[in-house]
Amino acid sequence: MKTGIDAISFDVANIHLPIKTLAIARNIEPEKLEKGLGLLKMTFPDVHQDAVVFGANALTKLIIDNKINLNEISRIYVGTESGIDSSKPIASYLISLMEQKFGEDSLAECDVVDFTFACIGGVDALQNCLDFVKLNPTKKAIVVTSDFAKYDLNSGGEYTQGAGAVAMLITANPKIIAFDENWATSTKGVFDFFKPYRTISKEEITQNTNNDSWFDNLEAEIEIHKDQPVFDGQYSNQCYMDRTRNAYFSFKKLKNATETLYNTWHSIVMHLPYSFQGRRMLSEIYALDSAEKIIADDIAPADYQTKIKEVAKSEDYKTFVTEKLQPAELASSLIGNLYTGSIFMGLLSTLAHFYDTNKEVAGTKFGFLAYGSGSKSKVFEGTIQPEWKSALENVKLFENLAESVEIDFSTYESLHKKEQKQSVRTPKNEWVLDRIEKEIPVLIGARYYKWID
Ligand SMILES: CC(=O)CC(=O)SCCNC(=O)CCNC(=O)[C@H](O)C(C)(C)COP(=O)(O)OP(=O)(O)OC[C@H]1O[C@@H](n2cnc3c(N)ncnc32)[C@H](O)[C@@H]1OP(=O)(O)O
């Protein structure tokens with residue numbers, strides 16, 4: 001029996017800063033970001049948007065566009081690293097919003113939970129839901145990935161920011177893609193990118209407020225969580241390369257493949273923290289697994305790096321990138337990092353590109369290389385199903401992205417610093433963050449959302 005993705009939908013922050021505007025403001029050569037990293041636009045959440053809003057909007061679209069009866073859904077598993085509470089998962093917010101819209105108790109028997117392992121949490125949720133459907137073929141599950149990739153102003157991650165969600169219906173005999181049995185994993189506990197709790201004093205908090213009496217009852221020191229990560233960019237690239245390489249070759253072994261594995265894949269979908277990450281990281285695997293044995297096993301470490309660089313610049317590799325990786329990069333260039341949603345947005349970008357250019361890919365295999373900092377990689381593959389085109393009819397990825405509203409640099413900075421009070425765009429047919437109630441002794445209290453017609 002086949003199991004996989006039957007339907008897919010997305011929601012992104014539909015306001016963006018052109019990457020050139022950011023480059024000029026930060027005194028970075030625009031060509032570095034546009035041609036070196038493949039960035040064109042950076043989406044950023046509006047005043048009324050957060051990870052719950054993106055997840056709820058993607059889920060609502062999935063339900064409406066595919067006429068899903070919520071009583072049939074046994075699980076809604078969320079991949080996220082933008083949790084807004086250490087106890088109450090984003091999945092719990094999603095249930096209450098869906099019941100508000102689609103009927104009280106419509107999800108009363110549904111199992112919900114968040115999966116957190118940096119950017120790979122959504123893939124973990126997917127793998128878990130696939131196993132569940134394999135055991136219970138008549139049952140259906142939904143995976144939602146939702147994140148806000150926010151970095152400090154002026155940091156090396158600033159130009160890779162992005163925000164949004166992807167939701168997927170997981171069933172037996174799926175319309176879009178059926179995943180194969182083999183999954184390979186590579187794990188190592190490292191500190192390449194993480195979001196630790198920080199201790200701050202009451203004094204520090206009150207200095208930054210207008211002596212709000214709400215803060216009177218705070219303890220002298222509290223632990224706070226900041227959206228922006230602590231990270232070491234080049235080390236995180238090395239961890240990404242090491243994990244994906246190890247998982248790729250474990251996968252090859254699992255399959256007893258003797259030929260070059262990537263040649264069996266029509267398209268390759270990788271975790272993309274920015275558009276060109278995949279092409280920059282895959283050259284090593286490309287070289288190591290090539291039929292011509294470009295790199296011999298006994299090559300000296302210094303020569304090894306030189307050889308990889310040569311391979312990355314070769315015409316063969318450029319053609320390989322254009323054919324197999326570029327379709328997944330297209331949406332990333334226009335959105336930025338979606339953390340858990342990035343790999344699924346890469347799948348959607350690839351399929352939407354083939355849909356828009358009228359290419360038939362049913363029956364072809366797609367290879368997936370997932371990565372989450374901290375660190376873990378999973379490599380797996382799936383076969384595109386005959387009905388993929390009809391399942392994509394309502395998604396209209398690139399038409400939607402073209403409608404994104406451009407913002408200027410000062411609006412971006414005031415949104416980043418949470419100083420902006422008015423939404424840039426007037427919400428319509430979507431969920432919005434209505435208010436946050438401050439409740440002592442909780443620093444940021446309960447969040448309430450509402451649907452805007
Ligand atoms: C966070 C996650 O989602 C999980 C992960 O995947 S971890 C792995 C990725 N890490 C991150 O995303 C962490 C946050 N980001 C960062 O730290 C940084 O943005 C980064 C490490 C991703 C990039 O760092 P950087 O110092 O800005 O860029 P750098 O690595 O030097 O690369 C710039 C590229 O532009 C090219 N370039 C520079 N100037 C250029 C120009 N004028 N014209 C064309 N290309 C140019 C460079 O040659 C280089 O490309 P190649 O190496 O392929 O030749």
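Whatever order the structure lists ligands and atoms in, that order sets their numbers, starting from 1. Sequence positions, counted from 1, serve as the residue numbers for this chain.
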**Q** Taking only heavy atoms of Tyr151 into account, list the atoms of ligand 1 that are under 4.0 Å away from them.
**A** 1 (C), 13 (C), 14 (C)
**Q** Are the side chains of Phe179 and Thr3 in touch, meaning some heavy atoms are under 4.5 Å apart?
**A** no
**Q** Do you see a donor-acceptor pair shorter than 3.5 Å between the side chains of Asp131 and Gln127?
**A** no
**Q** Would you mind listing which atoms of ligand 1 come within a distance below 4.0 Å of any non-hydrogen atom of Thr160?
**A**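 Result: 19 (O).
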**Q** Can you list the ligand 1 atoms lying under 4.0 Å from a non-hydrogen atom of Tyr371?
**A** 5 (C), 6 (O), 7 (S)
**Q** Would you mind running through ligand 1 and noting each atom that sits below 4.0 Å from a heavy atom of Tyr240?
**A**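 Counting atoms of ligand 1 from 1, those under 4.0 Å from Tyr240 are 6 (O).
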**Q** List ligand 1 atoms under 4.0 Å from Cys119, heavy atoms only on the residue side.
**A** 2 (C), 3 (O), 4 (C)
**Q** Starting from atom 16 (C) of ligand 1, which protein heavy atom do you reach first, and at what distance in Å?
**A**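 It is Gly156 O, 3.5 Å.
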**Q** Decide, yes or no, whether a salt bridge links Asp50 with Arg447 under the criterion of side-chain N to carboxylate O below 4.0 Å.
**A**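 Salt bridge: yes.
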**Q** Side chains of Tyr412 and Gln161: do they bring a donor and an acceptor to under 3.5 Å?
**A** yes
**Q** Near Glu29, which atoms of ligand 1 are under 4.0 Å from a heavy atom of that residue?
**A** 42 (N)
**Q** For the pair Asp124 and Lys376, find out whether any cationic side-chain nitrogen is under 4.0 Å from an anionic carboxylate oxygen.
**A** yes
**Q** Just say parallel, tilted or perpendicular for the rings of Phe320 and Tyr262, cut-offs at 30° and 60°.
**A**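 Correct class here is perpendicular.
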**Q** I need the minimum non-hydrogen distance between Phe251 and Val379, along with the two atoms involved.
**A**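 Heavy-atom minimum between the residues: CD1-O, 3.3 Å.
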**Q** In terms of residue, atom name and distance, what is the protein heavy atom nearest to atom 27 (O) of ligand 1?
**A**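 So the nearest neighbour among protein heavy atoms is Tyr159 OH, 2.4 Å.
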**Q** Could you tell me whether Glu323 and Lys359 have a side-chain N and a carboxylate O separated by less than 4.0 Å?
**A**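 No, this pair does not count.
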**Q** Give me the nearest non-hydrogen protein atom to atom 29 (P) of ligand 1 as residue plus atom name, then the distance to 0.1 Å.
**A**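 Nearest neighbour among protein heavy atoms for atom 29 (P) of ligand 1, to 0.1 Å: Arg280 NH2, 3.5 Å.
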**Q** Under 4.0 Å and counting heavy atoms only, is there anything from the protein next to atom 47 (C) of ligand 1?
**A**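 Flag for atom 47 (C) of ligand 1 set to false, no protein heavy atom closer than 4.0 Å.
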**Q** Which bit of Phe231 gets closer than 4.0 Å to ligand 1, counting heavy atoms only: side chain, backbone, both or neither?
**A**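 For Phe231, the contact with ligand 1 is made by the side chain alone.
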**Q** To which protein heavy atom is atom 12 (O) of ligand 1 closest, and what is the distance rounded to 0.1 Å?
**A**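 Here the closest protein heavy atom is Pro273 CB, 3.5 Å.
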**Q** Between Glu406 and Lys41, does any side-chain N to carboxylate O distance fall below 4.0 Å?
**A** no
**Q** State whether the shortest distance between N or O atoms of Gln234 and N or O atoms of ligand 1 falls below 3.5 angstrom.
**A** yes
**Q** Got the closest protein heavy atom to atom 22 (C) of ligand 1, with its distance?
**A**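 Nearest protein contact, heavy atoms only, for atom 22 (C) of ligand 1 is Tyr274 CE2, 3.3 Å.
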**Q** State the atoms of ligand 1, each with its element, that fall below the 4.0 Å cut-off from a heavy-atom position in Gly157.
**A** 14 (C), 15 (N)
**Q** Among all the protein's non-hydrogen atoms, which is closest to atom 44 (C) of ligand 1, and how far away is it?
**A** Glu31 O, 3.6 Å
**Q** As a check for students: among Ile28, Leu39, Leu37, Asp192, identify the option with a heavy atom nearest to atom 34 (C) of ligand 1.
**A**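 Minimum heavy-atom distance to atom 34 (C) of ligand 1 goes to Leu37.
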**Q** Does any donor atom in the side chain of Gln238 or Tyr235 lie under 3.5 Å from an acceptor atom in the other side chain?
**A**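 There is no such pair between these side chains.
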**Q** Considering both backbone and side-chain atoms of Lys35, is one of its nitrogen or oxygen atoms within less than 3.5 Å of a nitrogen or oxygen in ligand 1?
**A** no
**Q** Can you tell which part of Ser236 has a heavy atom less than 4.0 Å from ligand 1: side chain, backbone, both or neither?
**A** both
**Q** Just to confirm, does any protein heavy atom lie below 4.0 Å from atom 18 (C) of ligand 1?
**A**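 Yes, there is one.
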**Q** With heavy atoms only and a cut-off of under 4.0 Å, state how Lys32 meets ligand 1: side chain, backbone, both or neither.
**A** both
**Q** Could you tell me how the ring of Tyr77 sits relative to the ring of Phe115: parallel (under 30°), tilted (30 to 60°) or perpendicular (over 60°)?
**A**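 Ring orientation, 0 to 90° scale: tilted.
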**Q** With no hydrogens and no angle check, just 3.5 Å: does a side-chain donor-acceptor pair link Asp289 and Thr260?
**A** no
**Q** Do Lys88 and Tyr93 meet the cation-pi criteria used here (NZ or CZ under 6.0 Å from the six-membered ring centre, within 45° of the axis)?
**A**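 Yes, a cation-pi geometry.
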**Q** Please check atom 24 (O) of ligand 1 for a protein heavy-atom neighbour under 4.0 Å.
**A** yes
**Q** Could you tell me whether the side chains of His16 and Ser404 share a donor-acceptor contact shorter than 3.5 Å?
**A** yes
**Q** Which protein heavy atom lies closest to atom 3 (O) of ligand 1, and at what distance to 0.1 Å?
**A** His271 NE2, 2.8 Å
**Q** Taking only heavy atoms of Gly233 into account, list the atoms of ligand 1 that are under 4.0 Å away from them.
**A** 17 (O), 21 (C)
**Q** Determine the interplanar angle of the Phe354 and His266 rings, folded into 0 to 90°, and report it as parallel if under 30°, tilted if 30 to 60°, perpendicular if over 60°.
**A** perpendicular
**Q** Nearest protein heavy atom to atom 9 (C) of ligand 1, by residue and atom, and its distance?
**A**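 Answer for atom 9 (C) of ligand 1: Asn237 OD1, 3.3 Å.
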